[in-house]
Amino acid sequence: MEMISERQHGFTKGKSHLTHLVAFNNRMDKGRATDVIYLDFCKAFDMVPHNNLASKLELYGFDGWTVRLVGNRMDDCIQGVIVNGSISKWKLFADDTTLSGIDDSFQGRDVIQRDLDRLEEWAHVNLMKVNKAKCKLLHMGWGDPQYQYRLGDELVESSPADKNVGIPVDEKLDMCRQCVLAAKKAHHILVCIKSSVTSRSREGILPLYSALLRPHLEYCAQLWGPQDKRGIDLLELV
């Protein structure tokens, strides 16, 4: 019995945000009109009935120890980092997902709407709630008819762009905005380092640069790395 879809990349061995974005772009970069709906659940880890989840895990054949482990994890669904006794800001796990489909025919649009109807019904049965105010619809591809979809009684708001695991995505799959945002964030971090650290020695600055700045420049850079001189020069100025 297949429990995890091959399109699931989070918390999956051998997959990551990068593999998700590459697979997403490959699906979108076909030239066909495609609609992508970014969905958000209201406090998913707080609202999901833990007893129901445990029952489903047992149904799928998970042993008692694993079921209890997941239950304990759900009770404290926050994470942080502790370094030398200092604790970072606690954060909730992500509770969003995406739904997409080809939108160049009535049949394709009907499939997308039926999937949204099934999602709404599933959320109701499982005592979950979709945060409709945060759900966004992105029209992509040539000749998209700009069809509007419903979640329950409400239309899903259209948007020219949204973020996919932290990377801005627009209807043209243009990554220039991510390049600008990465450079801006990096410059901000450099200013903080210069204002907080008096030493300008290589031994003092390099570890801070590697730990605090490089992750922002290298996060999924295989996907959005600039190909034009303007973008390359922008990042090289950091």
Side-chain angles (χ1 to χ4, degrees), residues 2-41 44-45 70 73 77-81 83 88-102 112 115 134-141 159-190 206-238:
E2 183 181 2
M3 291 178 285
I4 300 178
S5 168
E6 63 179 9
R7 292 190 176 185
Q8 170 68 30
H9 291 260
F11 307 103
T12 304
K13 184 178 181 181
K15 295 184 178 181
S16 63
H17 284 177
L18 177 60
T19 61
H20 160 72
L21 288 169
V22 170
F24 174 84
N25 276 32
N26 287 341
R27 292 197 304 272
M28 298 302 110
D29 195 19
K30 303 292 185 181
R32 299 181 64 181
T34 304
D35 286 336
V36 181
I37 302 172
Y38 292 91
L39 301 160
D40 184 274
F41 287 96
F45 287 92
V70 173
R73 186 61 172 171
C77 54
I78 54 178
Q79 66 177 6
V81 178
V83 178
S88 70
K89 181 180 179 181
W90 296 102
K91 293 184 177 181
L92 292 173
F93 285 115
D95 50 8
D96 51 9
T97 186
T98 58
L99 186 155
S100 63
I102 303 299
I112 297 174
D115 285 343
K134 289 187 176 181
C135 296
K136 303 297 180 183
L137 167 61
L138 184 61
H139 300 289
M140 308 182 73
S159 175
D162 209 324
K163 284 191 174 183
N164 194 337
V165 292
I167 302 296
V169 176
D170 65 14
E171 58 187 7
K172 297 181 180 179
L173 292 179
D174 186 356
M175 295 297 170
C176 292
R177 186 180 173 209
Q178 169 59 19
C179 185
V180 173
L181 291 175
K184 183 178 179 180
K185 181 69 173 180
H187 279 296
H188 176 73
I189 294 174
L190 277 178
L206 189 58
L208 293 174
Y209 182 94
S210 298
L212 302 177
L213 192 146
R214 283 187 62 180
H216 293 281
L217 296 177
E218 296 179 353
Y219 173 65
C220 296
Q222 298 91 328
L223 179 75
W224 62 264
Q227 302 296 320
D228 61 321
K229 186 176 185 301
R230 179 185 177 185
I232 294 173
D233 290 342
L234 184 64
L235 292 183
E236 287 184 346
L237 288 174
V238 177

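- Considering every non-hydrogen atom in both L213 and A186, the closest pair reads CD1-O, 3.4 Å.
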Set out, in order, the CA-CA distance, both residues' side-chain angles and the distance that settles side-chain contact (heavy atoms from CB on, under 4.5 Å) for V169 and F24, then state yes or no.
CA-CA 10 Å; V169 176; F24 174 84; 3.9 Å; yes
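- With sequence neighbours excluded, the residues satisfying side-chain hydrogen bond (donor to acceptor under 3.5 Å, both in side chains) with H20 are N164.
- Residues passing the side-chain contact (heavy atoms from CB on, under 4.5 Å) test with L18, sequence neighbours excluded: S16, V22, C220, Q222, L223.
- Not counting sequence neighbours, the partners of T19 by the side-chain hydrogen bond (donor to acceptor under 3.5 Å, both in side chains) test are H9.
- Separating the OG1 atom in T97 from the OH atom in Y38 is a distance of 11.0 Å, to the nearest 0.5 Å.
- Applying the side-chain hydrogen bond (donor to acceptor under 3.5 Å, both in side chains) definition to pairs two or more places apart or across chains, none involves residues 166-188.
- The CG atom of L39 sits 10.5 Å away from atom CG of D115, with the distance rounded to the nearest 0.5 Å.
- Side-chain atoms of M140 and L173, non-hydrogen and from C-beta on, do get closer than 4.5 Å to each other.
- For L234, the side-chain contact (heavy atoms from CB on, under 4.5 Å) test picks out C179, V180, A183, with sequence neighbours left out.
- Rounding to the nearest 0.5 Å gives a distance of 10.5 Å between CG of L190 and CG of L208.
- By the side-chain contact (heavy atoms from CB on, under 4.5 Å) test, S159 is found to be paired with K136, residues two or more places apart in sequence or in another chain being considered.
- Under a 3.5 Å cut-off, the side chain of T34 and the backbone N or O of R32 do form a donor-acceptor pair.
- Under the rule for a ring pair (Phe, Tyr, Trp, His ring centres under 6.0 Å), the partners of Y219 that lie at least two apart in sequence or sit in another chain are H17.
- By the side-chain hydrogen bond (donor to acceptor under 3.5 Å, both in side chains) test, D233 pairs with K229, sequence neighbours left out.
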Test side-chain contact (heavy atoms from CB on, under 4.5 Å) on L99 and I112 and set out the steps.
CA-CA 8 Å; L99 186 155; I112 297 174; 3.7 Å; yes
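- A search for side-chain contact (heavy atoms from CB on, under 4.5 Å) contacts involving A221 returns W224, not counting sequence neighbours.
- The two residues V36 and S100 have their closest heavy-atom pair at CG2-CB, 4.0 Å.
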